[in-house]
Chemist: 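The following block contains the structure, expressed as structure tokens.
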Amino acid sequence: MRTHEAAPLRRIAVVVPARDEEELLPSCLAALRRARTQLMVPGNDGVDVRVVIVADRCADGTEDIALAAGAVVVRSDHGRVGAARHQGILVALADAEADGIGPAQTWIAGTDADTVVPASWLTRQVAFADAGYDVLVGTVAPTHLRPELFAAWQTNHTLTEGHPHVHGANLSFRGSAYLTLGGFGAVGQHEDVGLVARLRQSTLRWRATDTIRVATSGRLSSRVDNGFAGYLAGLAGEPGA
């Protein structure tokens with residue numbers, strides 16, 4: 001039962017920006033397939049799932065891998081992850097609109113190409129949406145870090161309900177909420193932080209939750225300026241590339 005009035009979801013668009021991710025994208029897509037399979041059970045079978053890969057300045061096999069997996073591929077030349085995310089979201093909302101599905105019935109599930117989501121990722125998001133939430137701010141945990149680096153990361157991260165962290169690799173929202181918040185700004189970095197800052201000043205119903213935690217690559221070489229890999233490199237005392 002919904003705790004307050006909310007449009008029932010008809011479409012989930014998983015939007016994934018990617019730049020030369022042919023090595024890690026297959027694991028991301030496999031995890032998304034598992035999450036979709038778990039979602040497609042009686043009661044949720046009316047929710048359509050689309051995966052949108054935004055290939056941003058890719059020069060490797062990222063697009064071919066995405067197409068082979070049945071994903072929608074959007075080519076981008078922005079060179080900025082926020083702009084790439086925004087482009088993918090607009091394409092997803094336009095596709096839904098063409099199918100007669102409005103933004104209030106479209107859920108944008110955001111993650112990254114170097115990230116593996118749990119099998120329950122989409123199912124739990126639908127449950128939150130059905131309960132009336134408009135935005136979910138999820139947690140991430142890096143994989144394959146040296147023990148001392150993982151310990152350093154843990155000192156700055158509390159993975160609990162109501163956590164203070166913001167990660168584009170686990171940030172999802174109703175399409176109408178994204179439009180209400182003005183979308184990701186035209187900035188070179190921290191577009192996710194800016195969106196959540198506006199969210200906290202809005203009347204939208206949102207939740208910071210650890211129940212949809214994802215595993216993201218612990219690599220130290222960053223594909224974007226000041227990204228998660230760059231943050232980890234800083235903890236390690238290495239320059240992020």
Side-chain angles (χ1 to χ4, degrees), residues 1-17 28-29 31-54 70-72 74 82 84-112 115 117-140 166-184 191-192 195-196 198-199 202-214:
M1 179 180 296
R2 290 180 175 79
T3 56
H4 80 263
E5 184 177 353
L9 297 184
R10 294 177 55 198
R11 168 75 52 81
I12 297 175
V14 182
V15 177
V16 185
C28 171
L29 292 170
L32 291 173
R33 283 194 297 272
R34 290 191 291 271
R36 183 183 185 279
T37 297
Q38 185 175 111
L39 178 68
M40 295 295 104
V41 296
N44 286 331
D45 50 6
V47 181
D48 178 45
V49 179
R50 303 283 176 89
V51 176
V52 179
I53 303 298
V54 186
V72 176
V74 177
R85 287 191 204 278
H86 181 66
Q87 182 178 351
I89 291 167
L90 293 185
V91 168
L93 291 175
D95 286 349
E97 193 73 34
D99 291 334
I101 303 171
Q105 295 178 300
T106 304
W107 187 262
I108 306 296
T111 190
D112 285 344
T115 297
V117 306
S120 60
W121 193 61
L122 294 177
T123 303
R124 287 175 175 166
Q125 291 190 54
V126 169
F128 278 121
D130 282 350
Y133 287 96
D134 297 304
V135 183
L136 295 177
V137 186
T139 51
V140 308
V166 180
H167 301 282
N170 202 2
L171 178 61
S172 301
F173 31 76
R174 202 177 296 273
S176 53
Y178 183 75
L179 297 176
T180 296
L181 293 170
F184 291 127
E191 76 291 337
D192 45 3
L195 186 77
V196 173
R198 296 194 298 277
L199 169 66
S202 77
T203 59
L204 293 170
R205 192 169 182 220
W206 63 281
R207 182 161 175 167
T209 179
D210 187 44
T211 64
I212 56 172
R213 186 191 305 179
V214 302

Chemist: How about Trp206 and Val137: do any of their side-chain heavy atoms sit closer than 4.5 Å?
Modeler: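 Sidechains of Val137 and Trp206: in contact.
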Chemist: Can a donor-acceptor pair be found, under 3.5 Å and without considering hydrogens, that links the side chain of Arg50 to the backbone of Asp95?
Modeler: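 Looks like no, no N/O pair under 3.5 Å.
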Chemist: Under a 4.5 Å cut-off applied to non-hydrogen side-chain atoms, are Leu122 and Val14 in contact?
Modeler: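 In contact.
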Chemist: Apply the test side-chain contact (heavy atoms from CB on, under 4.5 Å) to residues Gln125 and Leu39: give CA-CA distance (whole Å), side-chain angles for both, the deciding distance (0.1 Å), then the verdict.
Modeler: CA-CA 10 Å; Gln125 291 190 54; Leu39 178 68; over 6 Å; no
Chemist: Of the non-hydrogen atoms in Ala177 and Leu204, which two are nearest, and what is the gap between them?
Modeler: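 Answer, listing the atom of Ala177 first, then Leu204: CB-CD1, 3.8 Å.
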Chemist: Classify the angle between the aromatic ring planes of Phe128 and Tyr133 as parallel (below 30°), tilted (30 to 60°) or perpendicular (above 60°).
Modeler: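 Plane angle over 60°, so perpendicular.
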Chemist: Please check if the side chain of Arg10 supplies one atom and the backbone of Ala96 the other of a donor-acceptor pair under 3.5 Å.
Modeler: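 Side chain of Arg10 to backbone of Ala96: no pair is present.
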Chemist: Mind checking the CD1-OG1 spacing from Ile101 to Thr106? Nearest 0.5 Å is all I need.
Modeler: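 Spacing of CD1 (Ile101) from OG1 (Thr106) equals 5.5 Å.
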Chemist: Please check: side-chain N/O of Arg174 versus main-chain N/O of Gly132, any donor-acceptor pairing under 3.5 Å?
Modeler: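 Checked: no pair found.
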Chemist: Looking only at heavy atoms, which two atoms of Cys28 and Val16 are closest? And how far apart?
Modeler: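 Looking at all heavy atoms of both residues, the shortest contact is SG-CG1, 4.4 Å.
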Chemist: Does any N or O in the side chain of Tyr178 come within less than 3.5 Å of the main-chain N or O of Ser172, such that one atom is a donor and the other an acceptor?
Modeler: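 Looks like no, no N/O pair under 3.5 Å.
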Chemist: Within the 4.5 Å heavy-atom criterion, are Val54 and Val91 side-chain neighbours or not?
Modeler: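 Counting from C-beta outward, Val54 and Val91 never come under 4.5 Å.
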Chemist: Would a 4.5 Å heavy-atom cut-off, applied to side chains only, mark Val196 and Leu171 as touching?
Modeler: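 Of all side-chain heavy-atom pairs linking Leu171 with Val196, at least one is under 4.5 Å.
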Chemist: Considering all heavy atoms of both residues, which atom of Ala104 and which atom of Ala7 are nearest to each other, and what is their separation?
Modeler: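 The pair with the smallest heavy-atom distance is O-CB, 3.7 Å.
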Chemist: Quick one: does Asn170's side chain get under 4.5 Å of Trp121's, heavy atoms only?
Modeler: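 Yes, at least one pair of side-chain atoms sits under 4.5 Å.
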Chemist: Are the side chains of Leu199 and Phe173 in contact, using a 4.5 Å heavy-atom criterion?
Modeler: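 No, side chains not in contact.
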Chemist: With the side chain counted from C-beta on, respond yes when Ile212 and Pro118 share a heavy-atom pair under 4.5 Å apart, and no when they do not.
Modeler: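 No. Closest side-chain heavy atoms not under 4.5 Å.
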Chemist: Of all the heavy-atom pairs spanning Arg85 and Val15, show the shortest one and how long it is.
Modeler: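 Scanning both residues completely, I find the closest heavy atoms to be O-CG1, 4.0 Å.
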Chemist: Closest heavy-atom contact between Ala169 and Asp112?
Modeler: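 In terms of heavy atoms, the two residues are closest at CB-OD2, 3.5 Å.
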Chemist: Side-chain contact, heavy-atom cut-off 4.5 Å: Thr37 with Arg34?
Modeler: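 The answer is no, as the side chains (C-beta and beyond) never meet within the 4.5 Å cut-off.
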Chemist: Got a second to check how far Leu195's CG is from His86's NE2, nearest 0.5 Å?
Modeler: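 If we round to the nearest 0.5 Å, Leu195:CG and His86:NE2 are 11.0 Å apart.
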Chemist: Taking atom CZ of Arg124 and atom CD of Gln38, what is their separation to the nearest 0.5 Å?
Modeler: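 Interatomic distance, Arg124 CZ to Gln38 CD, rounded to 0.5 Å: 8.0 Å.
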Chemist: Answer yes or no: is there an ion pair linking Arg11 with Asp48, defined by an N-O contact shorter than 4.0 Å?
Modeler: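 Judged by the 4.0 Å cut-off on N to carboxylate O distance, Arg11 and Asp48 do form a salt bridge.
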